[in-house]
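See below for the structure under consideration.
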Number of protein chains: 2
Amino acid sequence: MAGKDNRVTINDVAKMAGVSKGTVDRVLHDRGEVSPKSREKVLKVIEELGYKPNFYASILASQKKHRIVCVIPEYVSGDFWSLTARGVEESAETSSRFGVTVEVVTYDQYDVESFRHVCNRVLADLPSGVVVAPMFRVETLNFVKKLDASGVPYVYIDSKLEDDSYFAYFGMPMFQSGYLCADIMADGRSLEKILVVRIERDKMGYSDPTVARRTGFMEYMAEHCPGTDIVNVFIDPKNPDDVRRKLDEAFAGPSENMGVVMFNSRIHLVAEYIRERAFKGVRVVGFDALEKNLDALRSGHVQMLIAQHSDRQAAMAVNALVDNLIHGEPVHKKDNYTQMDILNRYNCDYYM
Amino acid sequence: MAGKDNRVTINDVAKMAGVSKGTVDRVLHDRGEVSPKSREKVLKVIEELGYKPNFYASILASQKKHRIVCVIPEYVSGDFWSLTARGVEESAETSSRFGVTVEVVTYDQYDVESFRHVCNRVLADLPSGVVVAPMFRVETLNFVKKLDASGVPYVYIDSKLEDDSYFAYFGMPMFQSGYLCADIMADGRSLEKILVVRIERDKMGYSDPTVARRTGFMEYMAEHCPGTDIVNVFIDPKNPDDVRRKLDEAFAGPSENMGVVMFNSRIHLVAEYIRERAFKGVRVVGFDALEKNLDALRSGHVQMLIAQHSDRQAAMAVNALVDNLIHGEPVHKKDNYTQMDILNRYNCDYYM
DNA sequence: GAAAAATCCGTGACCGTACACGGAAAAATT
DNA sequence: AATTTTTCCGTGTACGGTCACGGATTTTTC
């Protein structure tokens with residue numbers, strides 16, 4: 001506890017063990033070429049003296065260059081994946097001090113082929129570690145299997161797959177986030193109808209990370225509000241007219257005491273619609289702290305958001321790899337569920 | 001953007017500027033003994049080459065030992081200040097790598113004399129930087145004035161005072177947290193009565209950081225729920241009998257549609273009482289993610305908590321000082337308001 | 001038992017910076 | 001003009017590691 005100032009160095013260990021620092025270094029890095037008994041002795045002395053290598057001397061001396069690549073969906077400024085990218089950017093800065101470069105490569109999340117292509121590029125020039133946000137189940141499994149075979153550690157962010165040789169996972173508990181969302185939507189009020197707004201793609205075969213979220217939501221509703229009418233509305237987010245038409249239809253009936261929810265980050269589309277139509281009293285709940293969503297929160301067109309720090313998530317993913325690469329540290333926890341932040345108009349301005 | 005691998009070193013700069021690395025070093029650290037024109041030239045070359053000192057070589061070479069002390073109220077495991085202490089502990093670990101030792105000293109927050117004593121001890125053996133959680137206004141101002149005079153940077157955590165030579169502040173926006181709290185308590189329901197449970201000390205002259213929070217709460221209520229009856233209840237937290245008696249009195253009347261709130265971290269006392277009396281339907285809202293409070297959340301005796309990551313807060317405070325001491329970095333922002341986290345039974349388990 | 005191979009280990013040159021030391025050049029003094 | 005003082009700057013060592021290189025021992029081979 002009492003911080004010792006007399007740091008013990010590799011030379012101290014060497015002297016004490018009656019060998020040279022070269023030998024100590026060899027056992028430290030398991031580089032072989034050390035007789036069992038020297039090894040033994042050095043290890044014992046290290047233990048006794050409580051030797052900790054000087055991190056900085058180490059980095060300085062070993063001019064190793066590690067490279068980490070992050071494979072995430074394409075993004076444009078302000079959307080969900082741009083947050084992740086920002087997190088990567090941030091940790092890249094820190095990591096560069098450690099001689100680790102971090103590289104972001106993106107793929108079209110609606111196009112398997114582009115994902116395959118990116119994977120191949122990564123495999124062609126193997127990095128020291130990989131961070132991947134999986135959208136295509138089979139292809140990702142295939143990808144990571146090859147990484148694993150080459151001894152390249154990989155970590156999942158956002159969502160994970162059911163293999164188990166991943167190095168770590170950082171993401172939101174999807175099911176629970178849906179459950180929580182339902183509670184926020186419904187608790188203490190008796191809603192007659194809830195629109196679940198989904199985007200067309202949901203219907204297709206892609207592995208959509210938000211399905212678990214929807215499941216959580218539905219489960220809560222079934223348990224706590226069996227009487228509430230839940231209506232699915234499918235929209236094409238790229239087509240404003242379509243959005244307007246579909247929502248007009250959905251809002252047509254008796255729109256008293258209604259709720260609207262989306263399980264991806266696009267709730268601002270709904271907010272926009274509601275602003276246009278000047279609807280009052282609709283309870284709108286969504287996910288992710290995109291700037292557009294926060295604006296909707298401020299203007300009162302969205303009541304609540306559930307957010308995660310995807311930037312921090314990404315940063316932690318990268319850092320976990322860096323720690324491992326540089327310091328050989330194992331992960332603290334393999335599965336890291338980041339907190340679910342509930343935002344409303346009164347606390348959103350203090351969200352990062 | 002494209003990560004350059006060819007880091008430029010102090011030698012490159014020296015060569016380019018036609019001087020020796022010693023001179024470059026002198027201008028880098030403003031150590032004088034450099035002619036204006038050499039200085040000029042070096043500065044220009046640094047600019048051109050985009051030279052960034054190698055952090056690690058720098059730390060390694062300068063064997064400076066910095067010491068930071070954190071002055072916070074005494075704590076026992078599980079209470080509010082223990083969270084802060086934990087954050088300090090964490091950042092202490094990181095900081096030790098930088099040759100910075102972090103030391104925690106505590107005072108009795110109910111005893112000015114103990115605070116004075118601690119301050120004197122700190123002043124007697126000046127550290128390189130100070131983190132302080134102020135509870136006594138006058139004494140703290142006096143303390144920091146002396147620190148300032150000695151050129152020791154200090155940062156406030158938790159709450160800040162109205163001087164302005166502090167290096168930084170990390171804390172929750174107290175007024176807004178009260179405002180938010182009121183919204184969480186009252187929004188969408190029509191409460192008849194709200195008990196504001198306070199501890200005796202509130203009545204005395206101590207500078208209580210939670211007054212701003214209470215003000216925020218009251219302001220919201222005045223604006224949005226003028227009809228709600230707000231009743232102050234003073235308890236002695238150390239005396240369970242007193243708590244029970246006072247709350248019994250407060251709950252005596254028509255206890256339909258009631259709310260209870262506390263502005264410090266002791267809401268678990270109320271939860272305990274409610275559990276004992278097996279009251280139903282009371283809306284209980286409080287602050288801070290103490291283990292006891294989280295338990296109350298899980299068991300349903302508290303509906304909502306507003307939390308802050310006081311550990312992260314403390315860590316950031318220490319880190320800001322470390323960055324400044326080691327790297328001479330100025331603060332990003334002087335006032336750092338940490339986010340206000342809304343916790344209920346469904347997201348509290350993922351809160352760190 | 002000598003030669004070849006394998007094993008083990010010490011040496012020393014770095015990594016990029018900080019800073020003490022002492023000397024050269026310029027300025028001030030006499 | 002000679003001397004002293006001041007200003008300015010280059011040199012060299014240390015910080016605590018990493019790793020290539022080559023030498024010394026030991027083991028294997030024939």
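Quick note on labels: first sequence line is chain A, next is B, and so on, each numbered from 1.
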inquiry  = Quick check: on DNA chain D, is the nucleotide nearest B:Gly18 upstream (toward 5') of the one nearest A:Leu60, or the reverse? Name the residue that is more 5'.
reply    = B:Gly18
message = Within the 4.0 Å heavy-atom criterion, would you say B:Phe55 contacts the bases, only the backbone, or no part of the nucleic acid?
response = nothing
message = Ignoring hydrogens and geometry beyond distance, is the side chain of B:Lys52 in donor-acceptor contact with the base of C:dT17 at under 3.5 Å?
response = no
Donor/acceptor link under 3.5 angstrom from B:Gln63 side chain onto base of D:dC15 = no
query = Quick one: is the NZ or CZ of B:Lys334 closer than 6.0 Å to the six-membered ring centre of B:Tyr169, and within 45° of its axis?
reply = no
request  = Please check if any side-chain donor atom of A:Asn336 sits under 3.5 Å from a side-chain acceptor atom of B:Tyr350, or the reverse.
outcome  = no
message = Please report the distance, rounded to the nearest Å, between NZ in B:Lys41 and P in D:dC9.
response = 11 Å
query = What about B:Lys21: does its side chain form a donor-acceptor pair under 3.5 Å with the base of C:dG16?
reply = no
task = Quick one: label B:Asn54 by what it contacts on the DNA or RNA (base, sugar-phosphate, nothing), any heavy atom closer than 4.0 Å.
result = sugar-phosphate
query = Any side-chain N or O of B:Ser20 less than 4.0 Å from the OP1 or OP2 oxygen of D:dG10?
reply = yes
ask   = Are any of A:Tyr56's side-chain N or O atoms less than 4.0 Å away from OP1 or OP2 of C:dA18?
value = no
query = Can you tell if the side chain of A:Val105 reaches within under 4.5 Å of the side chain of A:Ile72, non-hydrogen atoms only?
reply = no
Any B:His29 side-chain N or O less than 4.0 Å from OP1/OP2 of C:dC19 = no
query = Between C:dG16, C:dA18, D:dC8, which nucleotide gets closest to the side-chain atoms of B:Ser35?
reply = D:dC8
key: Below 4.0 Å: OP1/OP2 of C:dG16 and any side-chain N or O of B:Ser58   = no
ask   = Taking atom types as modelled and ignoring hydrogens, do the side chains of B:Tyr154 and B:Asp163 form a donor-acceptor contact shorter than 3.5 angstrom?
value = yes
ask   = Nearest-Å distance, CZ (B:Arg31) to C1' (D:dT7)?
value = 15 Å
Main-chain N/O of A:Lys21 paired to A:Arg26 side chain as donor or acceptor, under 3.5 Å = no
note = When rounded to whole Å, the CD1 to P distance for the pair A:Ile10 and C:dT11 reads 14 Å
ask   = Quick one: A:Ile46 CD1 to D:dG16 P, roughly how many Å, whole number?
value = 16 Å
query = Can you tell me how far C1' of D:dT11 sits from CG of B:Asp25, to the nearest Å?
reply = 13 Å
request  = Figure out the CG/C1' separation between A:Leu28 and C:dC9, and round it to whole Å.
outcome  = 15 Å
inquiry  = Which nucleotide wins on minimum distance to the side chain of A:Lys64, given the candidates C:dC8, C:dT17, D:dC19?
reply    = D:dC19
ask   = Is any side-chain nitrogen or oxygen of A:Ser38 closer than 4.0 Å to OP1 or OP2 of C:dC9?
value = yes
request  = Report the residue (B:Arg26 or B:Ile59) whose heavy-atom-nearest nucleotide on DNA chain C is the more 5′ of the two.
outcome  = B:Ile59
task = Over 60° means perpendicular and under 30° means parallel, so classify the ring planes of B:Phe98 and B:Phe55, tilted if in between.
result = perpendicular
message = Both B:Glu33 and B:Ala57 contact DNA chain C. Which one's nearest nucleotide lies toward the 5' end?
response = B:Ala57
ask   = Which nucleotide in the list C:dG16, D:dG17, D:dG10 gets nearest to the side chain of B:Val19?
value = D:dG10
note = Taking a pair to mean Watson-Crick or G-U wobble geometry with both distances below 3.5 Å, D:dC30 pairs with C:dG1
remark   = Separation of D:dC8 atom P from B:Lys37 atom NZ, nearest Å, is 9 Å
